[in-house]
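One-based numbering along the sequence shown.
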Amino acid sequence: MGPIEILWGAIALMFIVIAVARGYNKELGATILMLVALLILNLLDSRLRLNERLPRLLETYLFRQPEQEEMVRLCSMLVYQAVFVAITYASYAGRVLEWEGTTAGGRVKTALSLLVGAINGWLVSGTLWYYLDRYDYPLPEQIIRLPLTPLAQELVKFLPPAVLTTNALVLIIAVMLVLRVRK
């Protein structure tokens, strides 16, 4: 497999294409729920200390042998990613949280859709990458080849959970909800 930043860039590009097809008004609803997912994960770490407790639970009940440490890291990573993916999936499936009001048309709509799609792509691919990095890439070398390129090492600093603090998430979500409901 090639450099990780190319894979995650391709995932982000998929979300841009989806946004252009669906329109920014539907994508903004998905954005809100993705931000809520990040907030939930952040609160699970900061308030419930899941990042410390989960590995201990896995070691106690499932992976008791010292050589199974990589499985503990893999399962921990998958729990975080599964929570995020489940909420993201729910934001796209079924009835969506749509941005109401008069929608822009033409080039403005396309530009807004591209922008929101890029943000959603960054949120999804960046969050999945963040948890890969956090748990030290517990995947076979055929999937993720280490060491990371210098570019990837720099990009890791700008992944959503690394830059969006609890306070920032609360503020962004609150502003987006207020803008959504205002007439």
Check: [X] side chain, [Y] main-chain N or O, donor-acceptor pair, under 3.5 Å:
X: Y80; Y: N51; value: yes
X: S91; Y: T88; value: yes
X: R145; Y: P3; value: no
X: E27; Y: V116; value: no

Once rounded to the nearest 0.5 Å, what's the spacing between atom [atom1] of [X] and atom [atom2] of [Y]?
X: R22; Y: Y92; atom1: CZ; atom2: OH; result: 5.5 Å
X: L39; Y: I32; atom1: CG; atom2: CD1; result: 13.0 Å
X: I87; Y: T127; atom1: CD1; atom2: OG1; result: 11.0 Å
X: L164; Y: L123; atom1: CG; atom2: CG; result: 7.0 Å
X: L28; Y: M34; atom1: CG; atom2: CE; result: 10.0 Å

Run through V170, L169, T165, L171 and flag the one making a side chain to side chain contact (heavy atoms under 4.5 Å, CB included) with N167.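 Between N167 and the candidates, side chain to side chain contact (heavy atoms under 4.5 Å, CB included) is satisfied uniquely by T165.
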
Could you point out which residue of N120, L159, I11 forms a side chain to side chain contact (heavy atoms under 4.5 Å, CB included) with S125?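 Of the listed residues N120, L159, I11, the side chain to side chain contact (heavy atoms under 4.5 Å, CB included) partner of S125 is I11.
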
Can you hop from [X] to [Y] via hydrophobic side chains spaced under 4.5 Å?
X: L50; Y: L78; value: yes
X: F158; Y: I119; value: no
X: L151; Y: I6; value: no
X: I16; Y: L35; value: no
X: L74; Y: I144; value: yes

Looking at every non-hydrogen atom in both residues, tell me the closest pair between [X] and [Y] and how far apart they are.
X: S76; Y: L54; result: CA-CD2, 3.7 Å
X: A12; Y: W122; result: CB-N, 4.4 Å
X: I4; Y: A152; result: CG2-CB, 3.9 Å
X: A19; Y: G117; result: CB-CA, 3.3 Å
X: L139; Y: L132; result: CD1-CD2, 3.4 Å
X: V20; Y: S113; result: CA-CB, 4.0 Å

For R49, what residues pass the side chain to side chain donor-acceptor pair (under 3.5 Å) criterion, not counting sequence neighbours?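 For R49, the residues satisfying side chain to side chain donor-acceptor pair (under 3.5 Å) (neighbours in sequence not counted) are E52.
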
For side chain to side chain contact (heavy atoms under 4.5 Å, CB included), just list the numbers for T31 and M176, CA-CA rounded to whole Å, side-chain angles, deciding distance to a tenth of an Å, and then say yes or no. CA-CA 9 Å; T31 305; M176 287 184 76; 4.0 Å; yes

Test item: [X] and [Y] side chains (from C-beta on) under 4.5 Å apart, heavy atoms:
X: L41; Y: Y131; answer: yes
X: Y137; Y: R73; answer: no
X: L33; Y: Y89; answer: no
X: P161; Y: L38; answer: yes
X: L62; Y: C75; answer: no
X: L112; Y: T110; answer: no
X: V124; Y: V85; answer: no
X: L43; Y: L48; answer: no

Any chance the side chains of E5 and T149 put a donor and an acceptor closer than 3.5 Å?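 Yes, a side-chain donor-acceptor pair sits under 3.5 Å.
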
Check: Y135/Q81 side-chain N/O donor and acceptor closer than 3.5 Å: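 There is no such pair (donor and acceptor under 3.5 Å, judged by atom type) between the side chains of Y135 and Q81.
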
Run the numbers on L114 and Y24 for side chain to side chain contact (heavy atoms under 4.5 Å, CB included), then give the verdict. CA-CA 8 Å; L114 287 168; Y24 71 91; over 6 Å; no

Please evaluate residues L155 and L148 with respect to the criterion side chain to side chain contact (heavy atoms under 4.5 Å, CB included), reporting the C-alpha separation (whole Å), side-chain torsions for both, the decisive distance (0.1 Å), and the verdict. CA-CA 10 Å; L155 290 174; L148 296 177; over 6 Å; no

Of all pairs that satisfy salt bridge (Lys or Arg N to Asp or Glu O under 4.0 Å), the ones with a partner from residues 117-135, not counting sequence neighbours: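 Qualifying pairs: D45-R134.
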
Enumerate the residue pairs fulfilling salt bridge (Lys or Arg N to Asp or Glu O under 4.0 Å) with a member in residues 113-129, sequence neighbours excluded, ordered by first and then second residue.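 Listed once each, the pairs would be none.
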
